[in-house]
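Here is the structure we will look at, set down as structure tokens.
Quick note: numbers below take in every heavy atom, side chains included, and nothing from hydrogens, waters or symmetry partners.
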Amino acid sequence: MEFGINFFPTVGPEEKPADVYFDEALRLVELAEELGYDHVKTVEHYFFKYGGYSPDPVTFLAAAAARTSRIKLVTGAVIPAFTHPLKLAGKLAMLDNISKGRLQVGFGRAFLPDEFDAFELAMDESRPRFLDGLRACQKLWSEENVVWDSEFYKFGPVTLLPRPYQRPHPRILVAAAITPSSCEQAGHDGHGLLLVPSISKREKVQEMLTLYRKAYADAGHAPGGDEVHLSYGCYLSEDSAEAMAKGREYSQRTNAVMVDAVAAWGTRRSEGYAGYEAIVDKIKKSDFDKSVAENKTLVGTPDEVTERLHTIREWYGDVTISLQMISGNPPYEETARTARLFAEQVIPNFR
């Protein structure tokens, strides 16, 4: 199993100025490299405290690349619907060269109605726009004199510069939420998969992983390339009661900013997002203790979290774990302690 830190900010200027957030986040990147984590990852979101301090993953990961030499850099994920593929492919190819090939590119559809409204895009177009942008980037990275003529973009012939450091292109990962067909498509296309198990029942996650892995194998892709990233909230302390109390506090803060970000789903519907109209009530009813008991969040002592991860491995196989240590805006010192405890007392059990 591999492990990394997922930088998903849930904070605004009233709690922490942006410059302070980035200073602390990049200190944590350096610590992650020192402690032997396998990757750092960040999201793309706008406007809300829910992810809004990360509107451009490439900028953050370029700064991370300058402070590290080994650790993988993962977009989790960029949203092709919000950026022209010529610009997105170029920015990512530039980062791949700056980092000497440490980049993995996660692509996502986005799911917040207010973001689509701000970019003046129809949510019902999100899936075709996602696939179109991803495939355009892949073609721009791997071919020359590219001509693109789709429903959304027309350009070429053009040859992208710089060419990616990795050939034919960086590893592609696809973010999926609750739609099994997205997992099946990712497997068929030979991409990796990004999932958040906390939003689904264990049986649903297993179903999606089975579909993904079967589609990957049936398409004849090379064995071992069916890479799965699972993201979990994480808070560790050597005192179990403290871990639970603090973990609950930061989980509740995260849920509060998420409720604000998804509020528009209370009045919106989209054919491309079946079931999302219930997301507001689902978050409001979230139960921290139940989440811990069901191994949907990694909170506790190092020994308790190790036991939870053994169960997760039994359920889902050998996966990559992305730890959301900064969500809920804990003090830097507490996050650094979690990172150290996890690296020193949990990770060695899975190497």
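Considering all non-hydrogen atoms of both residues, Arg163 and Asn97 come closest at O-ND2, 2.8 Å. Scanning both residues, Lys139 and Val146, for their nearest heavy atoms gives O-CG2, 3.6 Å.
With a 6.0 Å cutoff to the six-membered ring centre and a 45° limit on the axis angle, Arg27 counts as a cation-pi contact of Tyr332. Geometric assessment of Arg202 against the ring of Trp315 yields a positive cation-pi assignment under the 6.0 Å and 45° thresholds.
A salt bridge links Arg351 to Asp38: at least one charged side-chain nitrogen sits closer than 4.0 Å to a carboxylate oxygen. Comment: Arg268 does not engage Glu277 in a salt bridge, judged by the lack of any side-chain N to carboxylate O separation of less than 4.0 angstrom. Ion pairing between Glu203 and Lys201 fails under the 4.0 Å rule for side-chain N and carboxylate O. Salt-bridge annotation for Glu2 and Lys72: present, with a side-chain N of the basic residue lying under 4.0 Å from a carboxylate O of the acidic one. Under a 4.0 Å N-O distance rule, the pair Asp96/Arg102 does not qualify as a salt bridge. Salt-bridge annotation for Arg337 and Glu242: present, with a side-chain N of the basic residue lying under 4.0 Å from a carboxylate O of the acidic one.
Leu86 and Ile172 fall within a single hydrophobic cluster, where Ile, Leu, Val, Met, Phe, Trp and Tyr are joined by side-chain heavy atoms under 4.5 Å apart, directly or via other members.
Other members of the cluster containing Leu194 are Val74, Leu173, with ILVMFWY side chains joined at under 4.5 Å, either directly or via other members.
Checked by atom type, the side-chain pair Gln104/Thr75 shows no donor-acceptor distance below 3.5 Å.
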